[in-house]
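Let me begin by presenting the structure, written as C-alpha cells, before commenting on it.
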Amino acid sequence: MTLLIKLQSFQPLGKVLLTREMMFCFALLSFFFLLRLTSQQFPRPCATTEVLRAKQCCPVWDGDGSACGVLSGRGSCQDVVVSDLPNGPQYPFSGIDDRESWPSVFYNRTCTCTGNYMGFDCGRCRFGFAGEKCDQRRESVRRNIFHLSLSERTKFISYLNLAKNTISPDYVIVTGTYSEMGNGSVPMFADVSIYDLFVWIHYYVSRDALLGGPDNVWTNVDFGHWAPAFLPWHRLYLLLWEDEIRRLTGDPGFVLPYWDWRDVRDCEVCTDELMGARSPLDPNRISPASVFSAWKVICSRAPEYNSRGVLCDGAGEGPLLRNPGNHDRQLVSRLPTSADVEFALSLEGYDTGPMDITANRSFRNTLEGFGNPETGLGSSPQLMMHASLHVYMNGSMSSVQGSANDPIFLLHHTFVDSIYERWLRKHQPSRGQYPEANAPIGHNGAYFMVPFLPLYRNRDFFISSKELGYEYADLLPPAEYFIQEVLAPYLDQFRRIWPWLLSATALGGLAAMLTAVALTSLPSTPCWPWRRKMKKGSTYMEKQPLLSAHPML
C-alpha cells in the first residue's frame with residue numbers, strides 16, 4: 001500500500017524573515033564551513049566509469065594514501081558476500097531491480113573496516129566512538145525538542161538550513177539504472193545537497209520497481225518499509241544523518257531532537273520558532289517568517305516517474321508543502337495516544353507471519369501503523385501510529401518516497417526510534433529473533449541495507465542504542481533526566497544572561513553607593529522629616545521594612 005497524494009506545484013516565496021539571532025548563526029556557520037570542507041548515496045570516488053566497470057568501490061583513505069586505509073590497519077578491500085537465503089513471496093521477480101542483492105549490481109568489492117573504523121574508505125569512526133584512532137567512547141543524548149533552550153533550537157534549525165544549502169562533498173546520487181548506464185560505461189550521477197542526499201536515500205529505498213518502459217512498475221516492494229527492516233533501517237538513517245551534520249558543522253555534540261507526539265491534538269512543532277507555521281496567504285504553504293518557506297523539495301512526484309519509467313534526478317520540484325489536520329479522515333481518524341504506544345510495547349513478537357503489512361500482533365507492524373494498536377490485527381483499514389503522522393501532515397510528508405523533504409520527518413522518526421528502543425530494553429530480544437530468511441526482499445537479517453555505502457546489515461541495528469553510542473533523555477534515570485531535560489535549559493539561559501546580570505549588579509551597586517553618599521551629606525532640617533537624629537547614647541535605630549513583606553518576594 002503506497003500512500004500518495006497529488007501535490008500541486010507552487011512558486012516559493014521570495015523572502016524569508018529571520019530573527020537577528022538566527023541571521024548571526026547562519027553567517028557564523030557559513031563562515032566556518034568555508035574554512036572546513038570535508039575531503040571526501042554513492043561515494044564520489046566510486047562514481048566513475050573505471051570504478052563501475054571494475055565493480056570495485058575501495059577508495060583511498062587520505063590519511064595514509066592507501067585503499068581502505070590498509071597501511072594503517074583500518075581496513076581492506078574485500079569481496080562482497082551477499083545473503084542467498086530465500087526472500088518472501090511478495091516480490092516475484094529476479095534480476096530486474098538494481099537494489100536486489102545490494103550492492104552487487106554496482107560493486108562486488110568494497111572496503112571492509114576493522115575495529116572501530118567505519119566509512120566507505122574506513123576513514124571515519126564507528127557509531128559511539130571518536131578520536132584520531134577511534135578509541136574514545138562517546139555517548140550522546142537525544143532530547144525532546146520542547147526541552148531545548150532557545151539557542152539550541154536556533155542552532156538546530158540553522159544546521160538544517162546549512163545542510164539544505166551545502167552540496168555534499170562526499171556523495172552523489174544515481175539518476176539512472178545500471179542498464180541505462182550501459183553497465184557502467186556512461187555514469188549517470190548528480191550533485192545534491194547534504195539534506196537532499198538523505199531525501200534521495202529515502203526515496204530510493206522506497207521507490208517502485210521499474211520493470212521497463214512507461215507505466216510498467218511493481219508497487220508492492222519497499223526495501224525499508226512495510227517489513228522487519230523498517231526500524232533498523234531508519235535507525236541507521238538517523239545515525240548517518242547526525243554524522244553528516246557533525247562533519248559539516250564541526251560540532252561533535254550535535255544530536256537530533258525528537259517530538260513526543262503522544263496525545264497531541266495538533267501540530268505542536270508547526271510554529272515559526274520551530275518547523276514553520278502555516279502561511280496566512282496559502283494554507284498549503286509554510287509561513288514566510290520561517291526559513292523552511294524557501295525550501296524546494298525533490299523526489300516528490302512518484303506517479304510522474306512511474307509514468308515515464310525513470311528515476312528521480314534530484315531536481316527541485318516546487319516548495320515544501322504542509323497543511324496539518326486537513327487530511328483524509330477516512331484514512332486517519334486520530335493521532336496516536338499514550339495507550340497506543342503502551343499496547344505496541346506490550347507485544348512480545350518483533351514481527352510475525354508473512355512479516356509484511358498483514359502481520360498480526362507484530363510490534364513492528366503496529367508501530368509502523370498497519371497494525372491496529374487496540375487489537376494488534378494487521379491490514380488495518382485506517383493508518384495508525386507512525387503512518388498516521390505522515391498522513392496528518394497532508395503535504396510533502398504524506399508521500400512515502402518524498403516524505404523526508406519535510407524536516408518534521410526527522411523529529412517524528414527520532415521519536416519512533418525511541419519507542420523501538422523502549423521495546424528492545426523491555427523485551428531484550430536475542431539477535432536471533434530478527435528474521436534471517438523469508439522476509440520481504442531487502443529485509444532478511446543479513447541483507448545489506450539499500451542504498452547505503454559503506455555496507456550495513458539489517459540485523460546489526462537490532463540492538464540497543466547504548467551499543468551505538470546514544471541515549472534518549474526520557475529513558476534516563478530520574479536524576480539524569482532532571483539534569484538533561486529540566487535543569488540544562490535553565491542553565492543555558494543563565495549562561496546567556498550572565499554578562500547582563502553581572503553588568504546590572506555592578507551598576508546597581510554603584511548607584512546604591514552614590515545614593516548612600518548623597519543621603520549622608522543631607523542637612524538635618526524640617527525639609528527632611530523622615531530623617532531621624534539619633535540621641536547620644538541611645539540604642540534607637542531607624543527600622544527597615546521586613547523583606548518578606550515586599551510584594552515581589
Polar side chain donor-acceptor pair, Asn284 to Asn323, under 3.5 angstrom: yes
Any idea how His225 and Trp233 line up, ring-wise: parallel (<30°), tilted (30 to 60°), or perpendicular (>60°)? tilted
Out of curiosity, Ile245 CD1 to Leu162 CG, how far, rounded to the nearest 0.5 Å? 7.5 Å
Does Arg329 offer a backbone N or O that forms a donor-acceptor pair with the side chain of Ser333 under 3.5 Å? no
Non-neighbouring partners of Asp97 that pass salt bridge (charged side-chain N to carboxylate O under 4.0 Å, His left out), sequence neighbours left out: Arg99, Arg207
Among all residues two or more places apart in sequence or in another chain, which pass the ring-ring contact (aromatic ring centres under 6.0 Å, His included) test with Tyr456? Phe461
For the ring pair Phe42 and Tyr171, is the centre-to-centre distance below 6.0 Å? no
Do the ring planes of Phe198 and Tyr237 sit parallel (below 30°), tilted (30 to 60°) or perpendicular (above 60°)? perpendicular
Which residues pass the side-chain contact (heavy atoms from CB on, under 4.5 Å) test with Asn216, sequence neighbours left out? Leu211
With Arg425, which residues qualify under salt bridge (charged side-chain N to carboxylate O under 4.0 Å, His left out), at least two apart? Glu421, Glu471
With a 3.5 Å distance limit and no angle check, can you tell me whether Arg361 reaches the backbone of Thr366 through a side-chain donor-acceptor pair? no
Within this structure, what is the OH-CZ distance for the pair Tyr159 and Phe156, rounded to the nearest 0.5 Å? 11.5 Å
Taking atom CD of Glu348 as the centre, report whether more than 12 heavy atoms of other residues, nucleotides or ligands fall under 6.0 Å from it. no
Checking Ser379 now: which residues fulfil side-chain contact (heavy atoms from CB on, under 4.5 Å) with it, not counting sequence neighbours? Thr358
Less than 6.0 angstrom separating the ring centers of Phe230 and His386, yes or no? yes
More than 12 heavy atoms of other residues, nucleotides or ligands under 6.0 Å from NZ of Lys466: yes or no? no
Stacked cation flag Arg457 on Tyr447, 6.0 angstrom / 45 deg: no
What about Tyr91 and Phe93, are their ring centers closer than 6.0 Å? yes
Could you give all pairs that pass the ring-ring contact (aromatic ring centres under 6.0 Å, His included) test and reach residues 300-327, with sequence neighbours left out? Tyr203-Tyr305, His327-Tyr392
Distance (rounded to the nearest 0.5 Å) between Phe415 CZ and Tyr258 OH: 7.0 Å
Using 30° and 60° as the class limits, which term best fits the ring planes of His390 and His412: parallel, tilted or perpendicular? perpendicular
CG of Leu475 to OG of Ser465, rounded to nearest 0.5 Å, is 7.0 Å
